[in-house]
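Residues take their numbers from the sequence shown, with the count starting at 1.
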Amino acid sequence: MRELLHVTAAMIGEGLGAAVALVTAGRFSGATHGFMVGHVSPEASKGGPIAALHDGDIVVIDVAAKELRVELSDDEIAARLAGVVYPQPRYTAGVFAKYAAMVSSASEGAVTLPLPPR
């Protein structure tokens, strides 16, 4: 997972720390401060519902309930996810391609799994 300290530092540096929350599948170091939600899973690139978000959608972050939700119907989320074009893998051969094909979601430990039979 990408470390996001440079992103959060830029947000704080621009004075946005109290006005903007960052929601990401990425990870944060101990130096991060501000309203940040990390390790969102499943990741957008793996079909997670965060991929359905559009500019202007209302996202509710309920810290007390430990809940993150968007004010969209399940049908709207499903329709949007059906239209998502996912990025092609950066590596198509070699050890990085093998790792990308075999690694599980961060919510499952980001461990490598056996490849399914072809």
Side-chain angles (χ1 to χ4, degrees):
M1 281 178 270
R2 185 172 299 278
E3 161 60 53
L4 294 170
L5 181 58
H6 63 284
V7 175
T8 60
M11 289 172 57
I12 299 299
E14 289 293 320
L16 300 173
V20 176
L22 176 64
V23 177
T24 178
R27 65 183 176 85
F28 302 115
S29 70
T32 297
H33 60 282
F35 197 17
M36 312 296 166
V37 180
H39 298 268
V40 174
S41 172
E43 297 84 352
S45 65
K46 299 294 184 187
I50 197 170
L53 297 180
H54 292 178
D55 285 348
D57 287 344
I58 297 173
V59 176
V60 178
I61 303 170
D62 187 335
V63 176
K66 298 181 180 178
E67 183 176 81
L68 176 69
R69 67 182 179 278
V70 63
E71 293 188 350
L72 297 172
S73 70
D74 291 343
D75 289 341
E76 178 65 15
I77 292 171
R80 288 183 183 188
L81 287 175
V84 173
V85 177
Y86 295 98
Q88 294 297 311
R90 181 181 298 176
Y91 302 99
T92 57
V95 70
F96 288 129
K98 184 176 179 182
Y99 176 78
M102 294 176 62
V103 72
S104 67
S105 171
S107 66
E108 298 168 342
V111 297
T112 54
L113 304 170
L115 285 173
R118 291 185 181 185

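For residues 42-95, the pairs satisfying ring pair (Phe, Tyr, Trp, His ring centres under 6.0 Å) are Tyr91-Phe96, with sequence neighbours left out.
Taking CG from Leu53 and CZ from Arg80, the interatomic distance works out to 7.5 Å, rounded to the nearest 0.5 Å. Going from atom CG of Leu5 over to atom CZ of Arg27 covers 10.0 Å, rounded to the nearest 0.5 Å. The structure places CG of Leu4 at 10.0 Å from CE of Met11, a figure rounded to the nearest 0.5 Å. The CD1 atom of Ile77 sits 9.0 Å away from the CG atom of Asp57 when rounded to the nearest 0.5 Å.
Each of Val59 and Val20 belongs to its own hydrophobic cluster when Ile, Leu, Val, Met, Phe, Trp and Tyr are linked at side-chain heavy-atom distances under 4.5 angstrom. Under the 4.5 Å side-chain heavy-atom criterion for grouping Ile, Leu, Val, Met, Phe, Trp and Tyr, Phe35 is not connected to Val60 through any hydrophobic cluster. In the hydrophobic clustering of this structure, Val63 groups with Leu68; members are Ile, Leu, Val, Met, Phe, Trp, Tyr whose side-chain heavy atoms approach within less than 4.5 Å, directly or through other members. No path of Ile, Leu, Val, Met, Phe, Trp and Tyr side chains, each step under 4.5 Å between heavy atoms, connects Val23 with Ile58, placing them in separate hydrophobic clusters. A continuous path of ILVMFWY side-chain contacts below 4.5 Å connects Val84 to Leu72, so both sit in one hydrophobic cluster.
Val37 approaches Phe28 most closely through the heavy-atom pair C-CE1, 3.7 Å. Residues Ile61 and Ala21 approach most closely at CD1-CB, 3.9 Å, considering heavy atoms. When all heavy atoms of Ala51 and Ala44 are compared, the closest pair comes out as CB-O, 3.6 Å.
Heavy atoms of other residues, nucleotides or ligands lying less than 6.0 angstrom from CD of Glu14 number 12 at most.
Between Thr8 and Leu22 there is a side-chain heavy-atom pair separated by less than 4.5 Å. Side-chain contact check for Asp62 versus Arg69: some heavy-atom pair is nearer than 4.5 Å.
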